[in-house]
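Here is the structure we will look at.
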2 protein chains.
Amino acid sequence: MTATVAETSADSSIRRNSGVSLWRQISDRIRRLETDGQLDADGRLPPEFRLAEEFGVNRHTVRSAISHLVQEGVLRTEQGRGTFFRSRPRLAYPIGRRTRFSAGLEGQTSTLQTVLVDSATVPADTRVAEALGMAPQAHTVWLRTIGLADGEPVSTAESWFPADSLGGIADTFRRTGSITAALAALGVADYTRRSTVLTATHAGDDDLARLKLAPGAIVLATESVNVDPAGRPIQYSRTRFSADRIELTIENG
Amino acid sequence: MTATVAETSADSSIRRNSGVSLWRQISDRIRRLETDGQLDADGRLPPEFRLAEEFGVNRHTVRSAISHLVQEGVLRTEQGRGTFFRSRPRLAYPIGRRTRFSAGLEGQTSTLQTVLVDSATVPADTRVAEALGMAPQAHTVWLRTIGLADGEPVSTAESWFPADSLGGIADTFRRTGSITAALAALGVADYTRRSTVLTATHAGDDDLARLKLAPGAIVLATESVNVDPAGRPIQYSRTRFSADRIELTIENG
DNA sequence: TACTATTTGTACGTATGTATT
DNA sequence: TAATACATACGTACAAATAGT
C-alpha cells in the first residue's frame with residue numbers, strides 16, 4: 001500500500017510564480033505529510049518519480065525539496081531503498097490554570113530543560129505594566145529562557161516579574177533551573193494562570209535563531225499572566241513554540 | 001561603502017537562497033508589522049528607500065513586495081504621501097468550556113454568520129468514533145460550515161454528530177443558522193467543551209479556497225469535543241482559523 | 001551467482017525567474 | 001531601460017545501491 005499524496009496527477013496546490021520556489025512548497029507539503037497522518041506505518045515516502053508525477057513537477061525539483069529536508073534532519077535517504085521520515089512525534093503541551101513547562105511535557109521526552117539565556121532589570125512598558133498591574137516605568141526583572149526537549153529547542157519565552165517582590169528571580173532561577181522552584185524559593189508557594197492569548201505567525205529572525213528553524217517555519221505565540229493565590233499578578237510571559245514540534249492542549253474544568 | 005546600521009541589520013533577517021524570494025520574505029515581514037504593533041498609529045509604512053536599507057536589498061525589491069501586498073488588498077499606496085495599511089484588526093475568539101462561535105465574536109464585528117456548505121450521513125472513522133464514544137462505522141451526521149465575520153470567511157469547520165440522537169441536525173441547522181439553536185431544537189438544552197487540541201500549519205489548498213487566503217498563509221487548527229450536561233459526547237469538530245484574522249483567547253476558570 | 005526491477009545519485013544542457021548595478 | 005549574475009526548473013541520460021528471483 002502506497003501513501004497517496006495528492007488525489008490528481010497534476011496537483012493544483014503547487015503554484016508557480018508565487019514568490020515561493022516549487023522545491024520549497026513541495027518541501028513544506030512533505031513535512032505536513034507526517035503530522036497529517038497520510039503516511040505508511042514505516043515512515044517511507046513514495047519514490048521520487050511518483051512524487052514528481054503527483055506534484056506535477058520534474059523529479060529534480062522533488063529531489064531538491066528532499067535534499068533540503070535531509071539537511072534539516074526531517075528525512076533520511078538510502079540509495080536503492082527509499083526516503084524515510086526520521087520520526088519525531090509532536091509533543092503535547094497542556095495549557096490551563098496550572099500550566100508549568102516541566103510538568104507539561106513530563107513523560108513525553110527523556111530529558112527536559114529550561115535554560116536562562118539572558119536577564120536584566122528593566123522599566124515596564126505600557127503592555128507589561130498593564131498585565132502586571134504596576135505603574136508604567138516601574139522596575140521589573142526580565143528573563144529570556146529557552147525550553148529544550150531532548151536537547152532540542154522547542155520553545156522560547158520572555159518573562160517579566162515585579163522587581164520589588166521578586167527581584168532575586170534571575171539568580172534563584174540560575175540555582176534551581178525552574179521558574180516554579182525559583183518562585184517557591186522566593187515565597188510564592190503556588191500560582192495559577194489567569195489568561196492566555198494565542199496567535200500563530202511566521203517565525204521571525206529571532207525565532208529562527210533561537211529555535212533553530214528553517215525560514216518560513218511557523219510559531220505558536222502565547223501571551224499569558226500568572227497570578228499568586230491572592231490574585232496578584234506575578235509573571236507576564238510571551239512564549240513562542242515551534243509549531244512543528246508542539247501541539248497545545250487546552251484543559252477545561 | 002561605509003559600515004552603517006543598515007549593513008548590520010541587513011544580514012540578520014532576510015535570507016538569500018532560502019527557496020523564498022526576497023520580495024516574498026519582505027512581503028511577509030511587512031504583513032507582520034501590522035499585528036506585531038511595530039507601526040505608527042496612522043498605519044503608515046516607512047518610505048521605500050528606508051525599508052530597502054533596513055532589509056539590505058535594492059529599492060526595486062521592496063517595491064515588488066509592496067505591489068504584491070497592494071494587489072492582495074493589504075496595503076494602499078498614495079503617490080507623494082506614502083504607503084498605508086488597510087487596517088483590519090484581529091478578532092479575539094474565546095476558547096473555553098462554553099465556546100460558541102456567535103457569542104465569541106459578538107460586539108467585534110457588525111455582521112456574523114455561520115453558513116452550512118455541505119452535509120452528509122457518513123460512517124464514523126476510527127478517530128471520530130473514539131471522540132464520540134461510538135462503535136467504529138456507526139452512523140454520524142457530517143457538516144461542513146464556514147464562519148463569516150462582516151461577510152469575510154475567518155474560519156471553516158467539519159463537525160460530526162451521532163446520527164441516532166441528532167440525525168436531523170443538518171436540516172435544523174439550515175432553518176436556525178446556528179449550531180447552538182439547532183442542538184436546542186433537538187433537545188440538547190446545554191453543552192460544554194470537553195477538550196481542545198491546538199496546532200498551526202501552513203494553509204492547504206482546501207484552506208486557501210475556503211478562507212480565501214494567499215499561498216503561504218497560516219491556519220490555526222483546533223480539534224474539539226462538546227458534551228451534553230450528562231457528559232455524553234454530542235459533537236466532534238475540526239476547525240481551521242485564518243491566523244491573520246483571528247487570535248484565540250483561553251479562558252481559565 | 002547472475003539477472004532484473006526499483007530507487008536514489010550524478011551530470012550536462014537549456015530556458016526562465018529574480019535581483020543588482 | 002539595459003546588462004549582468006545567479007537561482008530555479010525542466011529534460012534526458014546514465015551510474016550506483018538494494019532487494020528479490
Side-chain angles (χ1 to χ4, degrees), chain A residues 1-6 9-31 33-34 39-86 214-216, chain B residues 1-4 6-30 47-72 214-216:
Chain A
M1 190 81 108
T2 44
T4 304
V5 175
S9 54
D11 193 337
S12 59
S13 70
I14 301 295
R15 310 198 174 189
R16 300 172 127 88
N17 309 329
S18 67
V20 184
S21 60
L22 298 186
W23 68 258
R24 189 55 142 77
Q25 294 182 56
I26 290 165
S27 161
D28 289 342
R29 281 284 295 263
I30 290 175
R31 212 200 303 272
L33 288 181
E34 190 180 19
L39 217 68
D40 291 348
D42 56 358
R44 185 205 184 119
L45 215 60
E48 292 168 352
F49 82 92
R50 175 169 301 281
L51 290 171
E53 270 178 15
E54 290 178 357
F55 288 127
V57 301
N58 191 273
R59 182 175 151 238
H60 288 306
T61 310
V62 170
R63 281 183 60 71
S64 176
I66 287 174
S67 86
H68 279 84
L69 290 171
V70 168
Q71 209 77 19
E72 267 184 57
V74 176
L75 296 179
R76 157 183 55 88
T77 60
E78 291 181 37
Q79 192 174 120
R81 295 221 322 131
T83 304
F84 304 83
F85 274 90
R86 303 184 118 100
Chain B
M1 183 106 86
T2 50
T4 62
E7 264 190 346
T8 49
S9 63
D11 41 354
S12 59
S13 55
I14 301 294
R15 308 199 174 185
R16 288 156 202 267
N17 312 333
S18 68
V20 183
S21 59
L22 296 186
W23 68 259
R24 186 54 140 80
Q25 292 182 59
I26 290 165
S27 161
D28 289 344
R29 280 284 297 264
I30 290 176
E48 290 171 355
F49 83 91
R50 176 168 300 284
L51 289 172
E53 269 179 17
E54 285 177 4
F55 291 130
V57 301
N58 193 275
R59 180 168 157 251
H60 293 311
T61 311
V62 170
R63 282 182 59 73
S64 173
I66 288 176
S67 86
H68 278 84
L69 289 171
V70 170
Q71 208 78 20
E72 264 186 59

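Order of the sequence lines fixes the chain letters, A, B, ..., with proteins taken first and strands second; residue numbering starts at 1 for each chain.
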Review point. What does A:S64 touch in the nucleic acid at a heavy-atom separation under 4.0 angstrom: a base, only the sugar-phosphate, or nothing?
Key: nothing
Point to revise | Test item: A:R44 side-chain N/O and A:R81 main-chain N/O as donor-acceptor pair under 3.5 Å | key: yes
Check your understanding: Sub-3.5 Å donor-acceptor pair from the side chain of A:Q25 to the main-chain atoms of A:V20, do we have one?
Key -> yes
Practice item. Evaluate side chain to side chain contact (heavy atoms under 4.5 Å, CB included) for A:N58 paired with A:L22, printing each intermediate quantity in order. Key: CA-CA 10 Å; A:N58 191 273; A:L22 298 186; over 6 Å; no
Point to revise | Phosphate OP1/OP2 of C:dT6 contacted by A:R81 side-chain N/O (<4.0 Å) | key: no
Check your understanding: Quick one: is A:T83 getting a side-chain N or O under 4.0 Å of the C:dT8 phosphate, OP1 or OP2?
Key -> yes
Take the protein atom [atom1] of [X] and the nucleotide atom [atom2] of [N], then report the distance between them rounded to whole Å.
{"X": "A:N58", "N": "C:dC12", "atom1": "CG", "atom2": "C1'", "result": "14 Å"}
{"X": "A:Q71", "N": "C:dG9", "atom1": "CD", "atom2": "P", "result": "13 Å"}
{"X": "A:W23", "N": "C:dG17", "atom1": "CH2", "atom2": "C1'", "result": "15 Å"}
{"X": "A:L45", "N": "C:dT8", "atom1": "CG", "atom2": "C1'", "result": "12 Å"}
{"X": "A:Q79", "N": "C:dT7", "atom1": "CD", "atom2": "P", "result": "14 Å"}
{"X": "B:I26", "N": "C:dT18", "atom1": "CD1", "atom2": "P", "result": "14 Å"}
{"X": "A:R59", "N": "C:dG9", "atom1": "CZ", "atom2": "C1'", "result": "7 Å"}
{"X": "A:L75", "N": "C:dT8", "atom1": "CG", "atom2": "C1'", "result": "13 Å"}

Review point. Which is it for A:F85 and A:I30 under the side chain to side chain contact (heavy atoms under 4.5 Å, CB included) test, yes or no, and what are the steps along the way?
Key: CA-CA 10 Å; A:F85 274 90; A:I30 290 175; 3.9 Å; yes
Review point. What's the closest nucleotide to the A:R44 side chain, out of C:dA19, C:dT7, C:dT8?
Key: C:dT7
Revision key, fill the gap. The first and last nucleotides of DNA chain D lying within contact of chain B, meaning any atom under 4.0 Å from one of its heavy atoms, run from D:dA7 to D:dT8
Practice item. Search all heavy atoms of A:A65 against all heavy atoms of A:I26 and return the closest pair with its distance. Key: CB-CG2, 3.8 Å
Check your understanding: Closest approach of A:R59 and A:F49, non-hydrogen atoms and distance?
Key -> CD-N, 4.4 Å
Practice item. Please report the C-alpha distance between A:I66 and A:L45 in whole Å, then the side-chain angles of each, then the deciding distance to 0.1 Å, and finally whether the side chain to side chain contact (heavy atoms under 4.5 Å, CB included) criterion is met. Key: CA-CA 10 Å; A:I66 287 174; A:L45 215 60; 4.3 Å; yes
